[in-house]
A.B. asks: 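Mind having a look at this structure? Questions to follow.
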Number of protein chains: 2
Amino acid sequence: MLTTKRQQIILSILKKQLNATIHELSEATNASISTIRRDLEQLEKEEKLKRVHGGASYIQTKLYEPKLEDKQGLNEVAKEQIAIEAGSLVEEGDCLFIDAGTTTRHILPHLVGKNNVVVTNAYHFVDFLLRQGIETYITGGRAKSKTGALIGVQAEDSLMSFRFDKCFVGINGIHPVHGFTTPDPEEARIKRMAIELSREAYVVADETKFQEVSFSKVADLKKASIITDLNETTLISALAKLTEVRVVNK
Amino acid sequence: MLTTKRQQIILSILKKQLNATIHELSEATNASISTIRRDLEQLEKEEKLKRVHGGASYIQTKLYEPKLEDKQGLNEVAKEQIAIEAGSLVEEGDCLFIDAGTTTRHILPHLVGKNNVVVTNAYHFVDFLLRQGIETYITGGRAKSKTGALIGVQAEDSLMSFRFDKCFVGINGIHPVHGFTTPDPEEARIKRMAIELSREAYVVADETKFQEVSFSKVADLKKASIITDLNETTLISALAKLTEVRVVNK
DNA sequence: TCAAATATCAATCATAATCATCCAAATGTA
DNA sequence: TACATTTGGATGATTATGATTGATATTTGA
């Protein structure tokens with residue numbers, strides 16, 4: 001086996017399980033213990049991993065390392081591209097609403113240094129936003145464990161006291177006739193309110209969300225622009241007659 | 001098993017339940033008592049946890065008023081004792097307010113299975129509460145990075161829509177004449193409101209908070225009972241004339 | 001409240017696992 | 001073939017582990 005190939009295997013194992021023993025790696029690559037040792041020595045010099053007694057550990061590259069389940073998500077690249085586009089729309093001093101969701105989560109790192117005020121209904125966004133030095137408000141309400149969103153009358157009431165320059169909302173279904181839809185009626189109400197309270201509203205959605213219809217209607221397509229990685233020209237032009245569509249390339 | 005892997009497991013257990021016995025950790029990692037001791041010794045040097053007799057305790061990294069004693073995690077045992085007492089006061093079905101703070105944080109693990117509804121102004125409590133299966137509401141408001149509390153008019157407005165059976169509030173200063181005090185005026189307003197909205201109000205405070213006076217007055221002593229580890233009989237009996245004092249022994 | 005019973009602690013030791021280093025065999029290259 | 005590189009195994013040195021011990025700390029029970 002090629003040396004570089006073997007080292008790639010080592011790194012991919014570490015990326016997956018964060019730690020590995022020398023023996024595990026030796027077995028996975030059919031190389032001897034000594035060879036693995038040499039690989040680890042070299043890869044440590046290149047700062048690709050950290051050696052520990054008995055094996056090696058993955059080096060967390062960024063401050064925010066995406067959680068394991070995120071990392072394995074199929075559409076991570078698309079989400080990141082969409083998030084970059086969304087971030088580029090944000091102007092100095094904008095007051096923003098950012099909805100709970102995995103795609104919207106990706107927008108947060110692209111807000112640095114623009115002096116924004118961010119309101120969110122996702123309690124787990126707050127830490128990250130504060131660490132970036134962004135003035136952060138959170139809506140009140142009942143915490144929903146599955147999506148990490150705040151919902152209910154308290155959430156709606158506290159949302160009412162804000163007005164936004166722009167909002168970014170995640171969505172489950174986009175359909176030319178049925179508009180924007182999402183499974184949870186209470187979440188739908190929050191999304192609808194956020195869109196209504198914004199000067200400019202954007203829905204972020206990767207290609208899997210199109211032609212889908214979910215239980216609760218959020219709004220008609222014309223109410224918000226769409227930012228997506230969708231790659232079907234006919235569908236895009238059909239939607240473009242109803243609202244603005246910003247397409248990013250994967 | 002890799003040493004680093006084992007230590008990661010230890011830290012994740014502590015993060016989940018805030019404290020653990022040596023035996024628990026030994027069992028969870030299939031390592032001997034001696035090995036766990038060595039791990040704890042090392043992790044304590046790295047300030048990743050605080051050792052206590054019989055086990056270890058989680059060090060809360062973020063939220064903070066920088067009192068030296070707190071920083072070094074010296075009062076972890078006291079906080080846990082206070083939290084146990086607080087938890088024992090909670091009855092089946094109670095609707096609770098739990099204030100942001102390091103001592104109040106310790107109360108959360110003692111709420112399991114009592115079918116409570118919890119309202120909090122600490123955005124970083126939500127994850128833990130939801131994982132315990134507790135119905136959780138959060139006040140809205142501006143997020144303050146130092147203490148992890150939600151403050152401002154939005155927080156006050158959303159707090160107004162609740163009524164509590166019991167509330168547990170952290171405090172910086174307790175003084176027979178000046179009452180309960182805390183540094184931030186906006187946090188003080190939230191604490192005061194929570195106390196007013198509760199049928200029974202409790203202030204949790206370790207011994208370092210007594211005879212201290214801070215900038216903003218929260219309430220008179222008579223407004224809330226005190227749960228503490230204080231060990232000065234003269235001071236306790238003086239305070240006991242003004243309000244209920246529940247003393248736990250370290 | 002005090003002393004006995006119990007549990008936990010730090011320190012030490014023998015054992016086992018892993019390490020860095022070296023060397024010879026295997027492989028790749030000119 | 002001659003040379004450089006890579007590989008796998010062997011060596012003593014280093015480190016991690018688990019059991020033991022006497023010293024402390026905590027709990028129990030009268």
Side-chain angles (χ1 to χ4, degrees), chain A residues 1-11 13-14 17-59, chain B residues 1-11 13-14 17-59 72-85 88 106 206-207 229 231-233 236-237 247-250:
Chain A
M1 178 178 315
L2 237 44
T3 305
T4 52
K5 175 74 181 165
R6 191 179 54 243
Q7 298 188 347
Q8 278 170 17
I9 293 177
I10 292 174
L11 289 175
I13 290 176
L14 281 180
Q17 58 189 51
L18 301 186
N19 299 285
T21 67
I22 291 253
H23 294 285
E24 277 175 345
L25 296 172
S26 165
E27 201 166 330
T29 58
N30 287 316
S32 71
I33 302 287
S34 300
T35 301
I36 298 296
R37 277 190 211 292
R38 270 185 290 262
D39 286 337
L40 295 185
E41 191 178 4
Q42 188 183 339
L43 290 169
E44 183 172 44
K45 266 191 197 135
E46 296 171 16
E47 302 191 356
K48 302 268 182 63
L49 55 75
K50 176 167 166 53
R51 287 188 79 179
V52 298
H53 195 88
S57 274
Y58 183 67
I59 287 186
Chain B
M1 158 136 25
L2 237 40
T3 304
T4 50
K5 176 78 182 164
R6 191 180 53 243
Q7 297 186 347
Q8 283 168 12
I9 293 175
I10 292 173
L11 289 175
I13 290 175
L14 281 179
Q17 55 192 53
L18 294 193
N19 38 62
T21 67
I22 293 249
H23 293 284
E24 275 175 343
L25 296 173
S26 166
E27 200 165 332
T29 57
N30 286 317
S32 71
I33 302 287
S34 300
T35 300
I36 298 295
R37 277 189 210 292
R38 269 186 290 259
D39 284 338
L40 295 185
E41 190 179 4
Q42 189 183 339
L43 290 169
E44 183 172 43
K45 267 193 195 131
E46 296 170 16
E47 302 191 358
K48 302 268 182 64
L49 54 76
K50 169 76 188 156
R51 287 187 80 178
V52 297
H53 194 86
S57 199
Y58 183 65
I59 284 188
Q72 293 168 343
L74 284 178
N75 295 331
E76 290 303 310
V77 188
K79 286 178 180 173
E80 182 62 21
Q81 293 297 329
I82 291 169
I84 290 170
E85 174 72 11
S88 73
H106 277 261
D206 61 58
E207 58 176 356
D229 64 319
N231 200 9
E232 292 177 30
T233 44
I236 290 171
S237 56
V247 180
V248 302
N249 42 3
K250 276 193 273 199

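Order of the sequence lines fixes the chain letters, A, B, ..., with proteins taken first and strands second; residue numbering starts at 1 for each chain.
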A.B. asks: Within this structure, what is the CG-to-P distance between A:Asp39 and D:dT6, rounded to whole angstrom?
C.D. replies: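 Rounded to the whole Å, the gap is 11 Å.
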
A.B. asks: Round to the nearest Å and state the distance from B:Glu41 atom CD to C:dT12 atom P.
C.D. replies: 12 Å

A.B. asks: Using only side-chain N and O atoms of B:His53, determine if any of them is under 4.0 Å from OP1 or OP2 of D:dT27.
C.D. replies: no

A.B. asks: Rounded to whole angstrom units, what separation is found between the CD1 atom of A:Ile33 and the P atom of D:dT11?
C.D. replies: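 Nearest whole value for this atom pair: 17 Å.
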
A.B. asks: Side chains of B:Asn19 and B:Glu80: does their closest heavy-atom pair fall under 4.5 Å?
C.D. replies: yes

A.B. asks: If you compare every side-chain N and O of B:Arg37 against the phosphate oxygens of D:dA16 (OP1, OP2), does one of them come in below 4.0 Å?
C.D. replies: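 False: B:Arg37 side-chain N/O out of range (4.0 Å or more) of D:dA16 OP1/OP2.
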
A.B. asks: Hey, which sits more toward the 5' end of DNA chain C by its nearest nucleotide, B:Thr21 or A:Val52?
C.D. replies: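 Nearest nucleotide further toward 5': that of B:Thr21.
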
A.B. asks: Check the distance between C:dT18's C1' and B:Arg6's CZ and give it to me in whole angstrom.
C.D. replies: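 Nearest whole value for this atom pair: 14 Å.
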
A.B. asks: Between C:dC9, D:dT15, D:dT7, which nucleotide gets closest to the side-chain atoms of A:Thr35?
C.D. replies: D:dT7

A.B. asks: Out of D:dA19, D:dA10, C:dT8, which nucleotide sits closest to the side chain of A:Ser34?
C.D. replies: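 Side chain of A:Ser34 sits closest to D:dA10.
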
A.B. asks: Rounded to whole Å, please give me the gap between CG in A:Leu2 and C1' in C:dG28.
C.D. replies: 11 Å

A.B. asks: Tell me the interatomic distance from B:Ile36, atom CD1, to C:dA10, atom P, rounded to whole angstroms.
C.D. replies: 14 Å

A.B. asks: Could you walk me through whether B:Asp39 and B:Thr29 satisfy the side-chain contact (heavy atoms from CB on, under 4.5 Å) test, starting with their C-alpha distance in whole Å, then the side-chain angles of each, then the deciding distance to 0.1 Å, before giving a yes or no?
C.D. replies: CA-CA 11 Å; B:Asp39 284 338; B:Thr29 57; over 6 Å; no

A.B. asks: Salt bridge between B:Glu44 and B:Lys50, side-chain N to carboxylate O under 4.0 Å?
C.D. replies: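 Salt bridge flag = yes for B:Lys50 with B:Glu44.
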
A.B. asks: State, yes or no, whether a side-chain contact exists between B:Ile13 and B:Glu24 at a heavy-atom distance under 4.5 Å.
C.D. replies: no

A.B. asks: Which of these nucleotides, C:dT12, C:dT18, C:dC19, is closest to any side-chain atom of A:Ile22?
C.D. replies: C:dC19

A.B. asks: Could you give the CG-to-P distance, from B:Leu25 to C:dT8, as a whole number of Å?
C.D. replies: 12 Å

A.B. asks: Rounded to the nearest Å, what distance is computed from the NE2 atom of residue A:His23 to the C1' atom of nucleotide D:dG9?
C.D. replies: 14 Å

A.B. asks: Taking the side chain of A:Arg38 as heavy atoms from C-beta outward, which of C:dC22, C:dT18, C:dC9 is closest to it?
C.D. replies: C:dC22

A.B. asks: Name the residue from B:Leu43, B:Ile36, B:Leu40 that meets the side chain to side chain contact (heavy atoms under 4.5 Å, CB included) definition with B:Gln7.
C.D. replies: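 Of the listed options, the one satisfying the test is B:Leu43.
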
A.B. asks: From the options D:dT7, C:dT8, D:dT17, select the nucleotide whose nearest atom is closest to the side chain of A:Thr3.
C.D. replies: D:dT7

